[in-house]
Amino acid sequence: MTEAPMQLRLVVEAEDFEAALAFYRDALGLPELAAFEGDGDARVAILDAGRATLELANPAQKRMIDRVEADGVPSPRIRVAFEVTDSEGATRRLEAAGASVVAEPVETPWRSRNARLEGPAGLTLTLFQELGPPHA
């Protein structure tokens with residue numbers, strides 16, 4: 001490929017648009033870059049989620065992450081992970097904003113502190129806080 005994509009944009013249908021917007025923009029803190037309205041009550045908001053990456057994992061890796069991060073509770077094929085500076089504080093803030101906590105923050109073997117939540121619009125979320133380089 002001669003030209004790499006410039007942006008990854010995850011498009012999510014939200015039945016309760018206002019609740020999802022309040023959760024992701026206001027509680028999680030994703031800045032609103034743009035918002036548009038159209039005919040028939042069509043609405044969209046584009047939120048800045050920082051740097052985007054695409055993490056591909058085979059089924060064995062996904063099962064291992066589910067064991068470490070959520071005590072074996074399986075995640076769907078697509079899970080959205082957000083890097084935060086304080087996974088415990090972010091977990092509490094998002095829980096208060098309506099997320100269901102699947103698994104409390106736990107230190108992983110790859111030296112991050114991860115929590116698993118169910119957020120609005122049917123998204124399974126991982127909040128991860130990088131703790132530093134792996135132990136030697």
Side-chain angles (χ1 to χ4, degrees):
M1 185 170 180
T2 59
E3 186 177 320
M6 309 237 337
Q7 181 181 155
L8 170 68
R9 189 172 286 182
L10 180 65
V11 181
V12 177
E13 178 184 9
E15 288 291 328
D16 189 339
F17 181 81
E18 289 299 327
L21 185 60
F23 182 87
Y24 293 104
R25 183 191 60 201
D26 304 334
L28 184 57
L30 303 179
E32 186 174 300
L33 297 176
F36 304 98
E37 295 182 13
D39 294 337
D41 196 36
R43 295 183 60 202
V44 65
I46 300 168
L47 307 178
D48 186 355
R51 184 175 68 98
T53 61
L54 178 61
E55 182 175 328
L56 301 174
N58 70 7
Q61 176 70 17
K62 180 185 164 299
R63 285 190 301 272
M64 188 272 292
I65 292 170
D66 288 342
R67 273 193 316 275
V68 168
E69 185 175 285
D71 201 27
V73 175
S75 59
R77 289 186 61 235
I78 296 175
R79 177 174 42 85
V80 181
F82 293 101
E83 183 177 2
V84 296
T85 58
D86 174 15
S87 60
E88 178 67 37
T91 298
R92 298 287 73 86
R93 190 173 67 250
L94 296 184
E95 181 180 34
S100 298
V101 176
V102 174
E104 294 291 338
V106 61
E107 186 172 336
T108 68
W110 48 91
R111 299 273 300 132
S112 64
R113 190 154 176 78
N114 292 19
R116 177 86 54 90
L117 300 95
E118 293 295 331
L123 292 179
T124 298
L125 310 175
T126 291
L127 302 178
F128 68 99
Q129 172 186 350
E130 296 295 359
L131 300 174
H135 297 296

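This one's a predicted model, so the numbers in the text were calculated from it and none came from an experiment.
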TODO: Search all heavy atoms of A14 against all heavy atoms of A121 and return the closest pair with its distance.
DONE: CB-CB, 3.9 Å
TODO: Taking all non-hydrogen atoms of both residues into account, name the closest pair between R116 and A70 and its distance.
DONE: NH1-CB, 3.7 Å
Task: Side-chain (R93) to main-chain (A27) donor-acceptor, under 3.5 angstrom - done: yes
Open item on the list: By the side-chain hydrogen bond (donor to acceptor under 3.5 Å, both in side chains) test, which pairs, at least two apart or in different chains, include something from residues 45-60?
Closed with: none
TODO: May I have all residue pairs that pass side-chain hydrogen bond (donor to acceptor under 3.5 Å, both in side chains) and include part of residues 28-41, sequence neighbours excluded?
DONE: R25-E32
Open item on the list: Could you check whether atom CG of L33 has more than 12 heavy atoms from other residues, nucleotides or ligands sitting under 6.0 Å from it?
Closed with: yes
Open item on the list: Going by the rule side chain to side chain contact (heavy atoms under 4.5 Å, CB included), which residues pair with T108 if we only count those two or more places apart in sequence or in a different chain?
Closed with: V68, W110, S112, N114
Open item on the list: Suppose the criterion is side-chain hydrogen bond (donor to acceptor under 3.5 Å, both in side chains): which pairs have a residue in residues 77-88, not counting sequence neighbours?
Closed with: R79-T126, S87-Q129, E88-R92
Task: Between CD on residue E107 and CD on residue E69, distance to nearest 0.5 Å - done: 13.5 Å
Task: Whichever hydrophobic residues join L94 through chains of side-chain contacts under 4.5 Å - done: L10, V12, F17, L21, F23, Y24, L28, L30, L47, V80, F82, V84, V101, L117, L123, L125, L127
Task: Residues forming a side chain to side chain contact (heavy atoms under 4.5 Å, CB included) with A96, sequence neighbours excluded - done: none
